[in-house]
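Before any comments, here is the structure.
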Amino acid sequence: MENLHPIHRVDGSSASSYKLTVVVPLFNEESVLPLFHARLESVLEHIRHDWEIIYVDDGSTDQSPIILQQIKATSARVGVARFTRNFGKEEAMSAGLSLASGDAVIIIDADLQDPPELMPAMLDAWLAGADIVNMRRLQRSGESWFKKVTAHAFYRVINRLSEVPVPEDVGDFRLLSRRAVDALNLLEERNRFMKGLFAWIGYRNVTLDYNRDARVAGKSKWQYWRLWNFALEGITGFSVAPLKIATYLGSACAGITFIYAAYFFLKTLLVGESVKGFPTLIVTVMILGGLQLMAIGIIGEYLGRLFVESKRRPLYLLEEFDAPRASEDLHAYREQRK
Ligand code: UDP
Ligand code: MG
């Protein structure tokens, strides 16, 4: 094992022997990619550590793969992994984490919404002993009020339901220590709600604040339907509370029905009312039908996910991985030491 204990990391003198891996998941980012790389590289050139960048191309259909090849040709420290198709950002991040060879890993979006200039501060927090450096967005420029409101609502719901608190306004921009990355790589589930998984592994968390910029170019890949499914993924992946809804709603309905029936029974005995009440009948039937379908639907959400998990398909498929030169050497070195 390497020196994983933070005591060793606090020692600034040996800091330069550490390596940072920057993982960049991207999908159709041709318009920002050259700019992004230039900005990232100019930051990395000034840090005291060794570094590598791993771009994970999540099946881009624009010029991104060609741009990545050009970038790769200019720097031996760049690695490019390409998926066989678009698998999604969570999968792309997972791939990046398992390909990373650094002692610390930073995940960053390619659209420059997360400023690379914050990396030195993140590394400082890591050197001071943090395993996970979360980056909290103070302000979200260029995002609609609707997205902000729904995002806030989502965090409220998930934190009510989930046993591990998912910090609000912390995106995927973060630093992970080697042991945190190793822990994440152990998780084999197909449901990759990464925000939840980062929280689930525990370890020493530190949170830094920053202002999230607007996208420099290109369009956000998140449509509302996708976000909704993402939210469902998060909730079903980290809580079974919705499954209990049926139990409580059912009990409540049964209770009310019992009282209601007793009322009618007595009324007929005492007043002797003839059969009436088509509206109450239809309303009751429809409410019960609706509740039952909803309960089945909730069970279905979990069942569907169990189905996907049970097939144990790989999370993603790599078309190719062109590793950074330096990291190949490191891999060889590590193999030798085993
Ligand atoms: N991304 C990805 N696969 C996808 C969708 C997005 O790898 O299927 C990448 C995207 O290229 C970017 C990051 O994930 O680097 C964040 O995406 P985006 O900016 O669209 O999301 P937002 O910032 O609007 O939440
Ligand atoms: Mg973005």
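What you see is a predicted model, and the numbers here were worked out from it, not measured in a lab. Ligands are counted one by one from 1 in listed order, and the atoms in each one are counted from 1 as well.
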Could you identify the single nearest non-hydrogen protein atom to [atom] and state the distance to 0.1 Å?
| atom | answer |
| --- | --- |
| atom 10 (C) of ligand 1 | Glu29 OE2, 3.1 Å |
| atom 24 (O) of ligand 1 | Ser220 OG, 2.6 Å |
| atom 18 (P) of ligand 1 | Arg215 NH2, 3.4 Å |
| atom 14 (O) of ligand 1 | Lys89 CD, 3.2 Å |
| atom 20 (O) of ligand 1 | Lys221 N, 2.6 Å |
| atom 22 (P) of ligand 1 | Trp222 CD1, 3.4 Å |
| atom 8 (O) of ligand 1 | Arg226 NH2, 2.9 Å |
| atom 9 (C) of ligand 1 | Pro25 O, 3.7 Å |

Give a yes or no on whether a salt bridge exists between [X] and [Y], defined as a side-chain N under 4.0 angstrom from a carboxylate O.
| X | Y | value |
| --- | --- | --- |
| Arg77 | Asp50 | yes |
| Arg312 | Glu188 | yes |
| Asp131 | Arg204 | yes |
| Arg305 | Glu309 | no |

Arg85 to Phe87, cation-pi by 6.0 Å centre distance and 45° axis angle
yes
side-chain hydrogen bond (donor to acceptor under 3.5 Å, both in side chains), paired with Glu168, selected from Arg136, Arg137, His152:
His152
Asn28 and its side-chain hydrogen bond (donor to acceptor under 3.5 Å, both in side chains) partner, picked from Asp58, Thr61, Asn86, Asp57
Thr61
Compute the shortest N/O to N/O distance between Ala92 and ligand 1 and return yes if it is under 3.5 Å, no if not.
no
N or O contact, Gly88 vs ligand 1, cut-off under 3.5 Å
no
Look at the N, O or S atoms of Asp109, main chain and side chain alike, and state whether any lies under 2.8 Å from the Mg ion (ligand 2).
no
Under 4.0 Å from any heavy atom of [X], which atoms of ligand 1 are there?
| X | answer |
| --- | --- |
| Asp111 | 19 (O), 23 (O) |
| Asp58 | 2 (C), 3 (N), 4 (C), 7 (O), 8 (O) |
| Ala110 | 15 (O) |
| Gln113 | 19 (O), 22 (P), 23 (O) |

Just give me the atom name: the N, O or S atom of Asp111 closest to the Mg ion (ligand 2).
OD2
Other residues, nucleotides and ligands only: do more than 12 of their heavy atoms fall within 6.0 Å of CZ on Arg226?
yes
Qualifying residue for ring pair (Phe, Tyr, Trp, His ring centres under 6.0 Å) with Phe83, from Tyr316, Phe27, Tyr55
Tyr316
Minimum heavy-atom distance Leu20-Ile106, with the two atoms named
CD1-CG1, 3.7 Å
Does ligand 1 have a heavy atom under 4.0 Å from the side chain of Asn86, from its backbone, from both, or from neither?
side chain
Side-chain donor-acceptor pair under 3.5 Å between Thr21 and Glu52, yes or no?
yes
